[in-house]
Each structure stands twice: as structure tokens, then as C-alpha cells.
Amino acid sequence: MSDRRSLLVLNGPNLNLLGTRKPETYGHATLADVEAQVRDAAAAHDLDVQFVQSNHEGALLDAIHAARGVHAGIVINPGAYSHTSIALPDALEAVQPMPVVEVHISNVHRREAFRHHSYVSAQADAVIIGAGVHGYTLAVEHLARLLTEG
Ligand code: DQA
């Protein structure tokens, strides 16, 4: 087995529709484009990536649990579950001290009030909001830095 470290990049509900879903809000890049961008950013830091998208909260929980001992850090865009799920932050807390960066493509603070609070943020080392899909690259850069600096 390679001892190269890897990141888990998790995308929640509806993010499989990136590129066609509300492009004025989320842009034109598809999730496949995001995956390619994330893999390039990670490779530049000698990091592998496991890329997971699910529309099911339980599948996201299973992926977080399985990350323990396998991945060195997590990037998560929980989609709408950010605003509703207690189980997701509980799962992230359970796999601490793994570093976690939460990403939101859109600036949720410019949107409806129900998007202004994320339960997940309390378990994130950093939160990147409103940078478009570039936010995923920023998240990888930040994790790489955390993993290097310890
Ligand atoms: C999102 C913001 C959420 O409010 C929304 O439900 C999403 C995407 C974002 O990336 O901007 O599905 O997480």
C-alpha cells in the first residue's frame, strides 16, 4: 500500500447537478470539472483524492466514518444538509483530529436566511464561502498546509 496521504472530498445533495443547476448561483463547472481541479491541486502537494458525492445523508456519514485511518483530511460541501443535519457534524467530531474544511460554492450569506447557519461549521477547521468552485482548490491548499505544519 502506498504511504502517500490522501484527502476525502465529499459533496452532498444536488451537487451532482453542478453545471446545470442554477448556473447563475453555482457557475457552469460540472462536478467532473471540480474533481479534475481538485485532483490537480492535491497532486501538486503529493496528495491523493477520494471523491464522493451522495444525495443521501447516511451515505455521507458512512464515508466520513470510513475515512478514519485512511484519509489525512476532509473537504466537505454538505449542500443543504449544512443547514439541517446534526448527524454530519457529529460524524466529523467522531473522526477528529482529522482536519476538515467546509466549502460553499455560493455566498450563502447573500442568500435566504435559512442558509446563513451551518451546523457543520462548528466541526470545521476552516470554512470557504462564496469563492465559486475555486473554493475546493483553496480547501485543498489549506489542508495541505495544515498537514505540513502539523
Ligand atoms: C451550497 C449552499 C447550500 O445552501 C445549498 O443547499 C447547496 C450548495 C453551496 O455550495 O453554495 O446545495 O452548499
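In each ligand, atom 1 is the first atom listed, and ligand 1 is the first ligand listed. Nothing here was measured: the structure is a model prediction, and the numbers come from that model.
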* Structure fact -> Smallest heavy-atom separation, Val49 atom then Val9 atom, equals CG1-CG2, 3.8 Å
* Pairwise salt bridge (Lys or Arg N to Asp or Glu O under 4.0 Å) hits with a residue in residues 104-124, at least two apart -> Glu112-Arg115
* **Closest non-hydrogen atom pair, Ala124 against Val127** => CB-CG2, 4.0 Å
* Asked: Are the side chain of Glu102 and the backbone N or O of Asn77 linked by a donor-acceptor pair below 3.5 Å?
  -> no
* Any idea how His104 and His83 line up, ring-wise: parallel (<30°), tilted (30 to 60°), or perpendicular (>60°)? -> parallel
Report every pair formed by an N or O atom of ligand 1 and a protein N or O atom separated by less than 3.5 Å, giving atom names and the distance to 0.1 Å.
from     : atom 1 : to     : atom 2 : distance (Å)
ligand 1 : 4 (O)  : His83  : NE2    : 2.7
ligand 1 : 4 (O)  : Arg115 : NH1    : 2.9
ligand 1 : 6 (O)  : Ala80  : N      : 3.2
ligand 1 : 6 (O)  : Arg115 : NH1    : 3.1
ligand 1 : 10 (O) : Asn77  : ND2    : 2.8
ligand 1 : 10 (O) : Ile105 : N      : 2.8
ligand 1 : 11 (O) : Ile105 : N      : 3.2
ligand 1 : 11 (O) : Ser106 : N      : 2.9
ligand 1 : 11 (O) : Ser106 : OG     : 2.6
ligand 1 : 12 (O) : Arg21  : NH1    : 3.2
ligand 1 : 12 (O) : Arg21  : NH2    : 3.1
ligand 1 : 13 (O) : Asn77  : OD1    : 2.9
ligand 1 : 13 (O) : His104 : ND1    : 2.9

* Regarding Tyr136 and Asn11, is there a side-chain donor-to-acceptor distance under 3.5 Å anywhere? -> yes
